Amino acid sequence: MLPARPAICTLAGCARRYSIGFTPAAKMAGSSCASTIPIKSAMSTKRWRRFCTVCAGWESTGTKGQRWGGEFGPYYQSQKGKAYQEAVQVLLDKGLAYYDFATAEETKAERELAEREKRAYVSSRRFMAETAEQKAKFEAEGRTAVVRLKMPREGYCEFTDLIRGPMKFAWAEEQDHVIQRSNGTCLYSLASVVDDRDMRITHVIRAEEHLSNTPRQIFIARGLGIEPPQFAHLPFVAEPGSRNKLSKRKIAQYLKNPDFKRVYEHGRRIADRLGLQVSDETFNPVIVDFYEQVGYLPDAIVNYLLLLGWSLDDKTEFFTRDEMFQHFSLERVVKSAASFDPAKLSAFQEHYMRQLPIEQKVAMVLPYLERAGFHPVPKTVEQIVIAADDRIKTAGDILDYVDFFVADEDLTYDDKAFEKRITKPPQAIALLRKFRDRLAQAEAFDAGSLDKLMHQFVEDEGIKIGEIIHAVRVAVTGKAVGFGLFDALAILGQERCLKRIDQALRRAEGR
RNA sequence: GGCCCCGUCGUCUAGAGGCCUAGGACACGGCCCUUUCAAGGCCGCGACACGGGUUCGAAUCCCGUCGGGGUCACCA
């Protein structure tokens, strides 16, 4: 069944299952992507697929996806109606389910009555039809039926959860859940059991909110003569700074958290420079798409998420995919919910970015420049990437350095910086002019030579380096901040540097 | 409300009765480095929810309290 909503993946849902679920899945199945499908349940296949695809390398969401095929299809619940109905019939034949001819209002009334009388609601089964005659009688009244499970009213359902250990639920607490709607279609709890059987699911690894519907699934499985799969219920991911389940709808509230806000606004700046249309549906730090758009590394995200609720020991933090597969175990999953910490995710991102070879960084960053409307030569980009070093924390950060690509006459100046470093200091303009002349005479224009030239200039003038260097920076880059000035000058080249300094001098003199 | 789950620094966690004056990471604060911004180095701050047991000894075991969360659909 395709989810009604578009391909959105929250960190709360798919991400957790990816980093935690995918890992043992791949481990147990002994292979990668293709095996993730049979190991999970069929629900929200599309979202799951989206996340896997994204985290496998931010590839486009190929819907053709041969990789998603497999021998136990079909994988869409919309194509499996017949299999579900057959299962319902088996349950009916065995007396483990029944036709319920009660109307929605009648059921609701019973439930409300129980609530008023402060007792647990148990279906009266007043409109239960187990024989053809009963069925005919209700139908004659013009009633339609749903199929409900006929849950045991005594005893316990016991099973072992791979994360939580032995579980014991009283059958009497279970409702007679609907498994087939009056229109003949089936519900999740029935469908997922059938899917799990058809797809040879051995381990169901899912969020803890499903813990309480496990007994009914075990009931259905046994009724169908299926050995129930092993269950592992993961705690959910909580909101930053609270224990509530993370939700993509609460972005406005999360924005009050300074760390969350920082991550969001950083992404927002990049999106704005790209002219991206942003919507809360996808441009939201709670959703993986956000990180893809801003240019995060999948490895960083997966590694961060892996540690959100699991650890190997008291010190190991960084894992390659292979190491994850090798070391992961459900037994070490933490039982309590873990809050999403955007600041720590950023720290992982910075770490992985620092590890990235230059060529890969360049390749990662180029599409951002192109999307922002620049057509830079890769060599220059490489120089910038090297000079900027770890200042580029996500691929989108390259946009902090577009000043190198804009035409000299289009360079914009930060007014405050210009004022502080050029207009205001009494000697600044004169010094800048002198330095400009030195630059004009420079024979070598590499960073090392420029460094020497600057120091010679400072010595000759008897000034402190701070009196000139900032003025030069603002004159050639327009900004007060950036990477090493000599790298910046070298990348721009002599001609452009002179042009920009002249331009700044004219601007300072109000011409 | 019934049922269920959970409770160690702000956050993620290590901890299976003595190795714990509770370890690591992120964040935070300070210092150093420095042409700005980053980064880096060093130092620091900082927790066993509470109350009873059991024990020579408890963060670890038991009971209770409190707190947080999940779930109770013809959603998935």
Side-chain angles (χ1 to χ4, degrees), chain A residues 1 3-4 13 41-44 47 77 100 103-104 107-108 111 114-115 118-121 144-148 161 163-164 167-170 172-175 177-189 191-192 206-215 233 235-236 238 240-245 258-259 304 307-318 332 334-348 350-351 354 388-393 397 400 417 421 451 454 458 464-474 477 479-486:
Chain A
M1 175 182 296
S41 87
M43 62 179 196
S44 58
R47 280 196 281 165
Q77 293 183 354
D100 179 16
T103 62
T107 307
K108 197 174 162 206
R111 198 167 300 166
E115 200 173 316
K118 295 197 190 300
R119 59 177 166 82
Y121 165 70
T144 53
V146 295
V147 178
R148 286 183 186 275
D161 185 281
I163 292 171
R164 281 149 212 280
M167 293 286 132
K168 186 175 178 184
F169 294 84
E173 300 289 339
E174 291 292 317
Q175 301 300 316
H177 300 282
V178 173
I179 53 173
Q180 188 178 76
R181 298 183 182 89
S182 48
N183 68 9
T185 59
C186 293
L187 277 88
Y188 160 76
S189 38
S192 82
R206 37 138 71 151
E208 69 172 294
E209 53 261 42
H210 293 277
L211 186 58
S212 56
N213 56 39
T214 303
H233 289 94
F236 52 79
S242 102
R243 228 84 254 189
N244 295 2
K245 204 167 105 178
D259 295 328
Y304 167 72
L307 260 20
L308 198 57
W310 179 85
S311 69
L312 175 64
D313 53 31
D314 60 346
K315 50 179 92 63
T316 316
E317 319 168 68
F318 299 111
R332 288 194 62 82
V334 174
K335 293 181 189 65
S336 53
S339 342
F340 170 56
D341 180 356
K344 191 152 185 171
L345 206 206
S346 303
F348 273 81
E350 288 174 31
H351 170 87
R354 257 176 266 144
D389 198 37
D390 44 32
R391 272 164 272 243
I392 297 178
K393 300 181 194 307
D397 287 340
D400 284 340
R421 298 302 191 184
D451 193 339
M454 170 67 83
V458 164
K464 279 190 267 179
I465 195 164
E467 294 178 61
I468 179 66
I469 200 162
H470 302 297
V472 177
R473 178 188 297 284
V474 174
T477 68
K479 294 192 181 103
V481 299
F483 51 73
L485 177 67
F486 307 117

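Just so you know, these numbers use all the heavy atoms, side chains as well, and skip hydrogens, waters and symmetry mates. Throughout, protein chains are lettered first and strands after them, A, B, ... in sequence-line order, and every chain is numbered starting at 1. Computed from a predicted model, the values in this text were never measured in an experiment.
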Of the listed A38(B), U11(B), U13(B), the closest approach to the S311(A) side chain comes from U13(B)
Watson-Crick or G-U wobble mate for A49(B), both contacts under 3.5 Å: U65(B)
Start at the 5' end of RNA chain B and walk down; is the nucleotide closest to G482(A) or to F169(A) reached first? F169(A)
Looking at R391(A), I'd like to know whether one of its side-chain N or O atoms comes within less than 4.0 Å of OP1 or OP2 on U36(B). no
Is the shortest side-chain N/O distance from R243(A) to OP1 or OP2 of G67(B) below 4.0 Å? no
Looking across every strand, which nucleic acid part, if any, lies under 4.0 Å from R354(A) by heavy atom: base, sugar-phosphate, or nothing? sugar-phosphate
Using the six-membered ring for Trp and the full ring for Phe, Tyr or His, decide whether H177(A) stacks on the six-membered base ring of A73(B) (centres under 5.5 Å, planes under 30°). no
Does any N or O donor sit under 3.5 Å from an N or O acceptor when you compare the side chain of K344(A) with the base of A25(B)? yes
Quote, to the nearest angstrom, the P distance that separates A58(B) from C19(B). 11 Å
With a 3.5 Å limit on both atom pairs, tell me what G18(B) is paired to, counting Watson-Crick and G-U wobble, or say none. C56(B)
For C28(B) and A73(B), measure between their C1' atoms and round to the nearest Å. 46 Å
With rounding to whole Å, what would you report as the distance between C63(B) and G1(B) at their C1' atoms? 25 Å
Which nucleotide in the set C74(B), A39(B), C3(B) lies at the smallest distance from any side-chain heavy atom of E173(A)? C3(B)
Proximity to the side chain of E209(A) - top-ranked nucleotide from A76(B), G70(B), C6(B): G70(B)
Is there a donor-acceptor pair closer than 3.5 Å between any side-chain N or O of R421(A) and the backbone N or O of K479(A)? no
Quick one: do R206(A) and H233(A) satisfy side chain to side chain donor-acceptor pair (under 3.5 Å)? Show the steps, please. CA-CA 5 Å; R206(A) 37 138 71 151; H233(A) 289 94; 3.0 Å; yes
Can you check the distance between C9(B) and C5(B), where both ends of the measurement are the P atom (answer in whole Å)? 22 Å
Closest to the 5' end of RNA chain B, once L187(A) and N244(A) are matched to their nearest nucleotides, is N244(A)
So, is R111(A) close to the C72(B) phosphate, meaning a side-chain N or O under 4.0 Å from OP1 or OP2? no
Is there a donor and acceptor pair, one atom on the side chain of R421(A) and one on the base of U36(B), closer than 3.5 Å? no
My understanding is that a pair needs two contacts under 3.5 Å, Watson-Crick or G-U wobble. By that rule, which nucleotide pairs with C42(B)? G30(B)
Rounding to the closest angstrom, what is the interatomic distance between C45(B) and A38(B) at atom C1'? 25 Å
Name the closest nucleotide to the N213(A) side chain, picking from A38(B), C6(B), A76(B). A76(B)
Taking only the side-chain heavy atoms of F236(A) (C-beta and beyond), determine which of G70(B), G24(B), A76(B) contains the nearest atom. G70(B)
Taking 4.0 angstrom as the limit, do K245(A) and E209(A) come out as a salt bridge? yes
Can you check the distance between A27(B) and U65(B), where both ends of the measurement are the P atom (answer in whole Å)? 41 Å
Are R206(A) and G70(B) close enough that a side-chain N or O sits under 4.0 Å from OP1 or OP2? no
Compare the minimum distances between each of C74(B), C6(B), A14(B) and the side chain of K335(A), then state the nucleotide with the smallest one. C6(B)
For the pair F318(A) and H351(A), name the ring-plane relationship: parallel under 30°, tilted 30 to 60°, perpendicular over 60°. parallel
Closest approach to the side chain of S212(A), judged atom by atom: which nucleotide of U36(B), U71(B), A27(B) is it? U71(B)
Donor-acceptor pair present, S182(A) side chain and C74(B) base, under 3.5 Å: yes
Pairing partner (Watson-Crick or G-U wobble, both distances under 3.5 angstrom) of G2(B): U71(B)
Look at the side-chain N and O atoms of R473(A) and state whether any lies under 4.0 Å from the OP1 or OP2 oxygen of C37(B). no
For atom P, what is the distance between G23(B) and A59(B), given to the nearest Å? 14 Å
For A343(A), report the nucleic acid contact type (base, sugar-phosphate, nothing); a contact means any heavy atom under 4.0 Å. sugar-phosphate
